[in-house]
Amino acid sequence: METKYIFVTGGVVSSLGKGIISASIGKLLQARGYKVTIQKFDPYINIDPGTLNPYEHGECYVTADGFETDLDLGHYERFTGIHTTRNNSITTGRIYKTVIDRERHGDYLGKTIQVVPHITDEIKHRMLRERPRVGGGTPGMGLDEGFDFIITEVGGTIGDIESAPFMEAIRQLRYQLGRNAVCVHLTYVPYLKAADELKTKPTQHSVKELQGMGIQPDILVLRTERHLDDTMRMKVASFCNVDLECVVQSEDLPSIYEVPVNMQHQGLDAAIMRKIGIPVGETPAMKPWRDFLDKQRNATREVHIGLVGKYDLQDAYKSIRESLNLAGIYNDVKARLHFVNSEEITKQNVAEKLKGLAGVVICPGFGSRGIEGKIIAAEYTRTNDIPTFGICLGMQMMVIEFARNVLGYTDANSMEFATNTQHPSPTTQHPVIDMMEEQKTITEMGGTMRLGAYECELVKGSRAYEAYGGETLIKERHRHRYEFNNQYQKQYEAAGMKCVGINPDANLVEIVEIPEKRWYIGTQFHPEYSSTVLNPHPLFMSFIGECKN
Ligand code: GLN
């Protein structure tokens with residue numbers, strides 16, 4: 001089958017859940033047996049979100065091939081189970097960089113480089129995932145990927161100045177691809193309490209704006225907090241030149257995982273196929289997904305889990321939250337997550353702050369803000385034997401805490417915090433977390449960490465080994481510059497903290513645990529990036545399994 005392209009845009013307001021709708025479309029088409037990928041185009045100028053503060057765009061998601069991406073790629077992977085790559089997350093910055101590098105290389109000699117056609121051509125090239133061109137392009141891109149459907153979500157809202165080149169590229173592609181392209185536009189239908197009415201005018205305006213750019217949407221997905229009746233849908237259909245069956249509503253649901261079946265119920269996937277001209281056939285049963293939803297509905301017993309971190313923002317620890325939720329559901333419980341701000345944790349109040357929690361996750365992060373609180377939390381949960389899961393910086397905090405309070409190195413620290421511009425020589429005698437050798441000469445900040453999937457060998461008989469169901473070689477994704485300092489390994493092991501996961505090539509410690517505790521494990525890698533709806537991550541499963549006891 002020739003590759004088909006679905007473009008997903010959004011209007012009226014941001015945060016409508018375009019990522020969830022894109023992921024749901026991917027899931028539904030996948031359930032029909034198609035090979036699908038989903039990509040995100042973000043209009044900002046950063047090359048990737050790796051250097052962005054989570055307050056700006058939430059969590060930075062990392063692909064297996066080591067690219068720092070938008071958190072929507074997390075939704076795509078969790079919903080569909082596919083692995084995305086660096087080709088699935090593109091920004092304006094990357095587009096411009098490619099074009100400018102090519103200009104400097106002399107590839108356009110004699111020509112004026114302009115937004116149209118040079119920038120829009122590069123956008124189209126990447127939307128189509130064509131082979132690299134001579135003298136430029138990204139290795140690994142290619143039509144030979146064999147996708148039946150490529151879903152492209154464009155970040156931002158229609159009318160934003162910075163998304164204009166993306167819209168122009170979509171306009172051109174629609175013309176070029178004919179029926180092989182479908183445009184799905186997501187809008188918002190507000191409810192006005194005083195008038196007791198749902199209002200479709202913003203949707204009409206948003207579609208007009210899109211039409212003004214030469215794009216006629218094929219399908220409208222209306223986000224709404226209240227049910228829209230047929231009259232309402234009919235009104236939207238006639239004002240916007242869209243078939244009635246192509247006006248779909250996305251009501252607030254108790255869980256984002258209900259969205260695909262809700263979309264299927266309204267025939268969103270069937271509408272897309274009809275537009276393209278492929279026979280719709282039978283509606284897939286989606287049995288594993290529906291079984292999961294049943295489990296979710298039945299998992300009502302609550303287990304309270306603390307997230308010790310510094311970002312008081314839902315999206316900052318998105319993948320960790322989802323991994324805990326999913327592991328809860330498969331453990332037949334509802335994981336109730338409580339954010340605990342590590343900046344506010346002191347030795348005096350830690351018992352109060354962590355009161356009533358069945359387990360604690362010590363979150364990843366960068367920089368010194370809030371780290372002492374994480375160390376205090378790690379000490380409290382270790383000494384009170386509360387199940388604890390340290391992830392990346394969280395694991396490093398467990399290691400520092402153990403050095404200070406068990407090994408007796410009271411000044412133990414990570415070199416991330418023991419040096420700064422005022423103190424170029426380390427303020428610690430015991431850098432139990434040290435910078436990786438390969439990182440020492442790096443000066444550029446963007447995309448230079450240890451990123452992506454690396455192998456890890458598990459020590460037989462360890463808690464981690466058991467959690468992974470007896471596998472000895474696993475692969476997990478990373479995003480860090482610092483690591484466990486192997487010079488201290490013997491002391492740690494002798495005192496009871498074991499190094500039970502080792503990278504076989506670089507000999508880096510990837511997992512530590514205290515076997516005598518109920519569940520006290522820290523991982524240098526980020527297991528949360530590879531937890532999916534149908535395959536919850538084994539470490540989260542094992543963690544919640546212990547917390548619910
Ligand atoms: N800041 C730490 C490092 O660079 C941990 C990073 C993280 O938690 N992702 O090693």
Side-chain angles (χ1 to χ4, degrees), residues 48-64 66-69 71 74 307-311 313 315-321 323 342-343 360-375 377-378 388-401 403 412-420 426 428 431-454 456 476-486 488 501 503 506 508-512 521-531 539:
D48 61 49
T51 54
L52 285 177
N53 183 323
Y55 286 119
E56 302 272 328
H57 279 273
E59 160 190 288
C60 174
Y61 186 77
V62 179
T63 57
F67 201 70
E68 296 171 287
T69 75
L71 58 77
L307 290 182
V308 176
K310 64 175 168 178
Y311 299 109
L313 179 88
D315 279 354
Y317 307 110
K318 191 79 190 161
S319 295
I320 294 179
R321 287 176 176 273
S323 300
S342 61
E343 279 183 285
V360 168
V361 175
I362 305 181
C363 293
F366 295 85
S368 58
R369 187 165 66 87
I371 58 158
E372 292 302 325
K374 286 183 175 173
I375 293 171
T388 310
F389 195 172
I391 299 177
C392 207
L393 183 69
M395 170 265 200
Q396 298 175 355
M397 295 302 105
M398 286 173 151
V399 167
I400 293 170
E401 186 280 316
N413 212 340
S414 162
M415 287 298 267
E416 183 176 1
F417 317 119
T419 53
N420 58 42
T428 176
V432 290
I433 302 293
D434 199 359
M435 186 172 262
M436 283 182 275
E437 215 40 57
E438 68 206 47
Q439 288 285 332
K440 289 187 176 159
T441 52
I442 292 175
T443 51
E444 293 272 300
M445 288 294 272
T448 54
M449 279 186 262
R450 182 172 185 237
L451 290 167
Y454 288 93
C456 169
E476 295 284 0
R477 301 182 202 182
H478 295 252
R479 183 176 185 242
H480 60 114
R481 285 185 210 283
Y482 296 83
E483 55 156 319
F484 181 91
N485 186 342
N486 284 352
Y488 293 91
N503 174 292
L508 298 176
V509 173
E510 310 280 29
I511 311 178
V512 294
I521 299 183
T523 63
Q524 186 57 77
F525 52 76
H526 291 264
E528 71 273 22
Y529 294 141
S530 45
S531 201
L539 282 176

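Whatever order the structure lists them in is the order used to number ligands and atoms, beginning at 1.
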Original post:
Are any of the N or O atoms of His480 closer than 3.5 Å to those of ligand 1?
Top reply: no
Subject >> Distance (rounded to the nearest 0.5 Å) between Arg481 CZ and Met435 CE >> reply: 6.5 Å
Original post:
Under 4.0 Å from any heavy atom of Leu393, which atoms of ligand 1 are there?
Top reply: 5 (C), 7 (C), 8 (O)
Original post:
Looking at atom 9 (N) of ligand 1, what's its closest protein heavy atom, distance included?
Top reply: Arg479 O, 2.9 Å
Original post:
So which bit of Glu416 gets within less than 4.0 Å of ligand 1, heavy atoms only: side chain, backbone, both or neither?
Top reply: side chain
**OP:** Check whether any side-chain heavy atom of Tyr454 sits under 4.5 Å from a side-chain heavy atom of Gln524, and report yes or no.
**Re:** no
**OP:** Look at Glu59 together with Arg479 and state whether they make a salt bridge at an N to O cut-off of under 4.0 Å.
**Re:** no
Original post:
Are any of the heavy atoms in Gln524 under 4.0 Å away from ligand 1?
Top reply: no
Original post:
Please state which protein non-hydrogen atom is closest to atom 10 (O) of ligand 1 and give its distance, to 0.1 Å?
Top reply: Tyr482 N, 2.9 Å
Original post:
Under a 4.5 Å cut-off applied to non-hydrogen side-chain atoms, are Ile400 and Ser414 in contact?
Top reply: yes
Original post:
Do you know which two heavy atoms are closest between Val62 and Gly452, and how far apart they sit?
Top reply: CG1-N, 3.9 Å
Subject >> Top protein contact for atom 5 (C) of ligand 1, by heavy-atom distance >> reply: Gly365 O, 3.4 Å
**OP:** Could you check whether the rings of Tyr311 and Tyr55 sit parallel, tilted or perpendicular, using 30° and 60° as the cut-offs?
**Re:** perpendicular
Subject >> For atom 4 (O) of ligand 1, closest protein heavy-atom neighbour >> reply: Arg481 N, 3.0 Å
Subject >> Any His526 heavy atom less than 4.0 Å to ligand 1 >> reply: yes
**OP:** Pull out every atom of ligand 1 sitting under 4.0 Å from any heavy atom of Cys392, numbered as shown with elements.
**Re:** 5 (C), 6 (C), 7 (C), 8 (O), 9 (N)
Subject >> Least distance between heavy atoms, Tyr529 atom then Ser319 atom >> reply: CD2-OG, 4.0 Å
